[in-house]
Amino acid sequence: MLINITTLPGDGIGPEVTEQAVHVLHVIADGFGHQLKVTEKNIGGAALVASNDPLPPDTIQSCLASGAVLLGAVGGPAFDSYPAKLRPEAGLLRLRSELDVFANLRPAICLEGLESLSPLRAEIVRGTDVLIVRELLGGLYFGERSTKGDSGRRRAVDTMAYSEAEIERIARVAFELARHRKNKLTSVDKANVLDSSRLWREVVNRVSREFPEVQLSHMYVDSAAMALVSRPTQFDVILTENMFGDILSDQAGAVVGSLGLLPSASIGGKVGLYEPIHGSAPDIAGQGIANPLGAILSAAMLLRHSFQLEVEAASIEAAVREVLAEGHRSRDLAAKGQRTVTTSEMGELVSGRVRERIQTPAN
Ligand code: NAD
């Protein structure tokens with residue numbers, strides 16, 4: 001198969017971690033007999049420096065002509081004083097809407113041996129494996145907004161709006177994903193207060209009839225926030241609207257620990273976008289110590305969701321688990337005094353393990 005991707009390394013540690021993810025993808029392509037075609041383009045601060053535009057036209061064209069996009073990270077202190085439209089983050093937001101990706105997938109998994117990274121007790125977090133499916137292009141962040149009145153008497157309004165069609169399409173994505181996991185879906189809303197949530201619940205119930213094998217439950221967002229920290233293992237797939245998902249996915253990330261480990265996917269539109277959830281980490285950029293696992297696991301999601309290469313994706317995820325189980329740690333994952341590996345060493349460890357798994361498929 002042709003794995004035709006555009007990479008957008010971006011700023012700070014973005015290029016360092018993307019390089020390792022691409023390295024792993026090359027090993028996968030070689031081992032499984034695929035052809036990997038990688039086109040690298042600018043985004044964010046790197047694009048601003050090169051062409052005064054955080055999302056240049058040739059970047060958009062390349063992304064739209066690819067099977068998937070792998071992004072590093074954007075942003076940095078050098079661009080903090082730029083006007084809003086010329087901020088690196090503006091390029092990323094524009095890219096998401098150009099690609100029309102309405103479903104954001106954020107897995108939060110507590111990997112064996114990494115329970116101590118969680119602020120929760122090990123017995124509570126152990127076994128957590130949640131996939132948050134967040135609606136990304138509607139709701140409060142995209143509704144009508146205004147600020148009116150004179151200073152001291154101003155009134156600001158934001159609107160949370162959802163159409164049946166918007167709810168239906170994200171619900172279908174979540175049910176499909178649940179079908180390939182534990183067949184358990186929790187839809188999170190605030191239907192005791194909000195009209196948009198009542199419609200959300202009604203439409204989700206309707207879509208659930210197409211997926212009788214998936215066990216659906218509903219939860220108010222405040223209860224869900226509590227349950228995520230008190231009983232995180234009770235969840236499999238969580239489906240929710242844009243703002244609730246924004247908050248809950250960060251919370252779930254914190255529950256399982258390191259920022260550097262967590263991948264994400266934004267799908268449902270023309271071309272899928274895959275990126276680690278961390279930012280450009282300017283404090284450690286260029287030192288070769290960033291954790292590349294979030295980017296590597298994003299590459300696994302890319303293979304699964306944009307190319308339907310489940311075996312290949314799973315072999316990357318298993319390799320990451322094995323490398324961590326053997327005790328290898330990047331600096332952000334290490335306990336005090338523990339030996340650490342560099343960004344490229346971690347990438348090589350995962351690549352080596354993927355190679356071994358391909359050579360001995362019984363693994
Ligand atoms: P950050 O995620 O970049 O860093 C937060 C902390 O986590 C830092 O101490 C950093 O060193 C550490 N960290 C993050 N990723 C790591 C990794 N892979 N390995 C080891 N340590 C890691 O968040 P921030 O400091 O708030 O933001 C820095 C810049 O990134 C800002 O300009 C912000 O706007 C941008 N940002 C971009 C994205 C994105 O590209 N999607 C997301 C968040 C923040």
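As the structure lists them, so they are numbered: ligands from 1, and atoms in each ligand from 1. For this chain, numbers begin at 1 and follow the sequence in order.
Salt bridge status for E98 with K270: absent, with no side-chain N to carboxylate O gap under 4.0 Å. For D195 and K190, the salt-bridge test fails: no basic side-chain N is under 4.0 Å from an acidic carboxylate O. With respect to E348 and R353, no salt bridge is recorded, no charged nitrogen being found less than 4.0 Å from a carboxylate O. Look at R153 and D150 and you find no salt bridge, because none of the NZ, NE, NH1 or NH2 atoms lies under 4.0 Å from a carboxylate O.
Between the side chains of S266 and N104, a donor-acceptor pair is found at a separation under 3.5 Å. Between the side chains of S51 and D53, no donor-acceptor pair is found at a separation under 3.5 Å.
Contacts of P282 with ligand 1, taken as heavy-atom pairs under 4.0 Å, involve the side chain alone. Counting heavy atoms under 4.0 Å from ligand 1, residue I13 touches it through the side chain alone. The residue D11 has no part lying near ligand 1, judged by heavy-atom distances below 4.0 Å.
Within the 4.0 Å heavy-atom cutoff, G294 does not count among the residues contacting ligand 1. Using a 4.0 Å heavy-atom cutoff, V17 is absent from the residues neighbouring ligand 1.
Closest to atom 6 (C) of ligand 1 by heavy atom, among L259, I284, D332, V74, is L259. Of the listed options M346, E89, E16, E275, E275 places a heavy atom closest to atom 41 (N) of ligand 1. For atom 4 (O) of ligand 1, the nearest non-hydrogen atom from the set G10, P88, A281, P292 belongs to A281.
Judged by distance alone, with hydrogens and angles left aside, the side-chain atoms of T159 form a donor-acceptor pair with the main-chain N or O of E144 at under 3.5 Å.
Under the 4.0 Å distance rule, the nearest protein heavy atom to atom 11 (O) of ligand 1 falls inside the cut-off. Protein non-hydrogen atoms do not reach within 4.0 Å of atom 26 (O) of ligand 1.
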